[in-house]
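Let me begin by presenting the structure, written as structure tokens, before commenting on it.
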Amino acid sequence: MSENSKIKVTLPDGNAREYPAGISLMEIAKDISSRLAREALAAKVDGQVVDMGRTLEGDAAVAFLTFDDEEGRQVYRHSTSHVMAQAAQKLFPGTKLAIGPAIADGFYYDFDTREPFVPEDLARIEKEMEAIIKADLPFERSALSRPEALAMFKKAGQEYKVELIEDLPEDVPLSIYRQGDFVDLCMGPHLPSTGRLKSVKLMSVAGAYWRGSEKNKMLQRIYGTSFPKRSMLDEHLFRIEEAKRRDHRKLGAELDLFSIQDEGPGFPFFHPKGMILRNELEKYWREEHKKRGYQEIRTPIILSQQLWEQSGHWDHYRENMYFTKIDEGDYAVKPMNCPGGIMVYKIRPHSYRELPIRMGELGLVHRHELSGVLHGLMRVRCFTQDDAHIFMLPSQVKEEIIGVIDMEDDLYKMFGFDYNLELSTRPENSTGSDEIWELATDALRDALETKGLKYKVNEGDGAFYGPKIDFHLKDSIGRTWQCGTIQLDFIMPEKFDLAYVGEDGQKHRPVMIHRVIFGSIERFIGILIEHFAGAFPAWLAPVQSIVIPITERHVPYALEIEKSLDEKGIRVEIDTRNEKIGYKIREAQNQKIPYMLVVGDKEADQGSVAVRHRSQGDLGAMPLAEFTDKLLEEIKSKSY
RNA sequence: GCCGGCGUAGCUCAAUUGGCAGAGCAGCUGACUUGUAAUCAGCAGGUUGCGGGUUCGAGUCCCAUCGCCGGCUCCA
């Protein structure tokens, strides 16, 4: 073999190796180590993810992908979805295939079937998949021309595939993948063979519209997941169970925090204990806003329809609004707080010296949501936004945005939340000129860059009046929730002819920021319930301590303790029932009360309390004053 | 709103091919006087989500409706 038929392969660690041209990636992996050959699912060649069967004709940078790599996992799951499609087609002949991608924790495939799948079908499909895996069929890629592809899928009656091909740009190279008698249109890449799949589980079946539009036919979607080890699947299933155990709807009922009843779908009732949590959050919110120069307002829930026409909500948000008539006039229930805040700004002229004006409002908004999307406190039809509108000079924009970013950061850290940032740009249904949108988007981007923060761009996901920065919180079991947003708005000031008097004595147009931190108090409470699994830090706990007398004889002393703690402002309960303490402790534990104070003869004699912490267990006896100080400090510092 | 599943006591769940609606926990009453996650006994608790229909007879079958759950879509 001549010298020029050698190629240079550079590995991620910087080492380069020489191989003959035409060598396959699998052969290279084998050459490096047999373990790598066993574990590699696909490879990245010059940044492109490809099959292990691909051959190299020239120098390349190569990285092998295993299940530890996000892209490796995607290949693994995507191949599983092909195996599922093969199984479904075998068991249900005539099943048409739509799409079957890998998703965050697994994969799905959308099918068009004569009869909807029932849960029992999943078990059958799963079994068939096992047979396919056992057969260890190789995934074989072949390139083909557009006319070939169209002819092939038309002949097979795969109308969705035909539609996909027709919608692909002319210059996209097409490929198909085969395993056994199954063929699918697919860009790939795929695993070397079906035998690489180990633990597969089909999770659920649900309806899903073709291409996500309710105008199209509803298909049958099967969700599943797969792992290279049984233990990894078990761990995944355990995480799902853990999420169920933390479900705020379940805990909300058990801890008596809130309820949602048939009489008000999507309209939550807050119970006394839920209100304590809520009021503590709001108290904290008010303190933090006061520190940062915010004023608080409250604006009406119902306002003239004309106002909503002026704001643009009538044109862009009507579908989500509730309307009503008062006497002969048309009114709307507010879905957002901004017009109200604007009316407060407009009540009198403002000097440039007053700006920025930071105006907060815990505003109750109502939005019509489709009945099928309601979900506990996470998705409701009325909720309280911890809103604020900042009216400022154009020159203050950057500083104010940074101020809000810093504030969000401070507040989230208090709860122990980490977060990701997203920048959302102009959506389809929006108002204002391109110049204004560009200006606003650049200002947000500039603030993020100045802070040196990482962010993802979310094209077309902004509000109808401006672009936004979104904060996605990560909870204790790794799920993310969108909470805070910062929206920059040059448009509402225009629509409402807002003004300030400048140094030159002339009227000028202020700029607005709309922002929330918790987002919705209701949703935030839902997130907190799941994040803490109901075991709130003492400052938020509806009941901070419970006194548990051992027998009736100790009740008078227990009442003294209760009174003393109550006078110190600690939320305390007492369990005077004639029960064994094991029983009372169990109940207090289930209620996730931070501190249980057991009192009997010893404690009454010494003026002490036997302290039990809900997670640390028995802490032993200590003088009442010592316990009180300790708890007060814990509450004050909001520690956990 | 759409697809699929599900609504039985406050909660968790039973009830054969259509044949007398039941249990545990919680609640109430009583006994026990208890030392760190469920003491014992008794009592009470229901127009089986609501409304129609089929049937000698419906928790069970059919229709309609409300709500819930998992998704789609949407979003704080």
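Keep in mind it's a predicted model, so treat the numbers as computed, not measured. All chains are named by letter (A, B, ...) in the order of the sequence lines, taking the proteins before the strands, and each is independently numbered beginning at 1.
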- [ ] Measure centre to centre between the rings of A:Tyr294 and A:Trp285, then say whether the value is under 6.0 Å.
- [x]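 Between A:Tyr294 and A:Trp285, the centre distance exceeds or equals 6.0 Å.
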What is the separation between atom [atom1] on [X] and atom [atom2] on [N], rounded to the nearest whole Å?
X        : N      : atom1 : atom2 : value
A:Asp575 : B:rA37 : CG    : P     : 15 Å
A:Leu597 : B:rG35 : CG    : P     : 18 Å
A:Asp601 : B:rU34 : CG    : C1'   : 11 Å
A:Asn590 : B:rC25 : CG    : C1'   : 12 Å
A:Met596 : B:rG35 : CE    : C1'   : 14 Å
A:Leu122 : B:rG4  : CG    : C1'   : 11 Å
A:Ile593 : B:rU36 : CD1   : C1'   : 14 Å
A:Arg577 : B:rA38 : CZ    : P     : 14 Å

Can a salt bridge be assigned to the pair [X] and [Y] using a cut-off of 4.0 Å between side-chain N and carboxylate O?
X        : Y        : answer
A:Arg586 : A:Glu579 : no
A:Glu422 : A:Lys468 : no
A:Arg571 : A:Glu280 : yes
A:Lys96  : A:Glu163 : no
A:Glu241 : A:Lys244 : yes
A:Glu408 : A:Arg515 : no
A:Arg239 : A:Glu242 : no

[atom1]-based separation of [M] from [N] [nearest Å]:
N      : M      : atom1 : answer
B:rC61 : B:rU48 : P     : 16 Å
B:rA38 : B:rC25 : P     : 14 Å
B:rA9  : B:rG5  : P     : 23 Å
B:rC69 : B:rC11 : P     : 14 Å
B:rG46 : B:rC50 : C1'   : 15 Å
B:rG10 : B:rC66 : P     : 24 Å
B:rU60 : B:rG22 : C1'   : 16 Å
B:rA23 : B:rG18 : C1'   : 23 Å

Task: Under 4.0 Å protein heavy-atom contacts per nucleotide of nucleotides 69-76 of chain B, with B for base, S for backbone only and - for none - done: SBBBBBBB
Task: Heavy-atom protein contacts under 4.0 Å, nucleotides 39-47 of chain B, coded B base, S sugar-phosphate only, - none - done: B--------
With heavy atoms under 4.0 Å as the rule, sort [X] into base, sugar-phosphate or nothing.
X        : value
A:Glu319 : nothing
A:Ala588 : nothing
A:Lys584 : nothing

Open item on the list: Looking at every non-hydrogen atom in both residues, tell me the closest pair between A:Ile525 and A:Phe270 and how far apart they are.
Closed with: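 Heavy-atom minimum between the residues: CD1-CE2, 3.9 Å.
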TODO: Give me the one residue out of A:Ile222, A:Val83, A:Ile99, A:Leu97 that meets side chain to side chain contact (heavy atoms under 4.5 Å, CB included) with A:Tyr109.
DONE: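 For A:Tyr109, the side chain to side chain contact (heavy atoms under 4.5 Å, CB included) check succeeds only for A:Leu97.
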Open item on the list: Could you check whether A:Arg426 makes a cation-pi contact with A:Phe464, meaning its NZ or CZ is under 6.0 Å from the centre of the six-membered ring and within 45° of the ring axis?
Closed with: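 No, a cation-pi geometry is absent between A:Arg426 and A:Phe464.
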Task: For A:Tyr419, ring-ring contact (aromatic ring centres under 6.0 Å, His included) partners two or more places apart - done: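 Here the qualifying residues are A:Tyr412, A:Phe471.
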Open item on the list: Show me, range against range, the stems involving RNA chain B, built from at least 3 consecutive Watson-Crick or G-U pairs below 3.5 Å.
Closed with: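 Ordered by first number, the stems with RNA chain B (at least 3 consecutive pairs each) read B:1-7 with B:66-72, B:10-13 with B:22-25, B:27-31 with B:39-43, B:51-53 with B:61-63.
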Open item on the list: If you define the side chain from C-beta out and look only at heavy atoms, does anything of A:Asn590 sit under 4.5 Å from A:Glu587?
Closed with: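 No, side chains not in contact.
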Between the protein and nucleotides 5-13 of chain B, are there any N/O to N/O pairs under 3.5 Å, and if so, what are the atom names and distances?
none

Open item on the list: Working note: A:Gln544 + A:Glu634, criterion side chain to side chain contact (heavy atoms under 4.5 Å, CB included); need CA distance, chi angles, decisive distance, verdict.
Closed with: CA-CA 11 Å; A:Gln544 296 165 323; A:Glu634 187 176 328; over 6 Å; no
TODO: On RNA chain B, check which nucleotide each of A:His368 and A:Ile585 is closest to and give me the residue with the more 5' one.
DONE: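 Its nearest nucleotide lies further toward 5', so the answer is A:His368.
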Task: Residue closer to the 5' end of RNA chain B, A:Ala610 versus A:Ser371 (nearest nucleotide) - done: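 So the residue in question is A:Ser371.
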Return a table of donor-acceptor pairs under 3.5 angstrom between the side chains of residues 531-538 of chain A and protein atoms on other chains or two or more places apart.
unit_1: A:His531; atom_1: ND1; unit_2: A:Ser476; atom_2: N; d: 2.9
unit_1: A:His531; atom_1: NE2; unit_2: A:Phe415; atom_2: O; d: 3.3

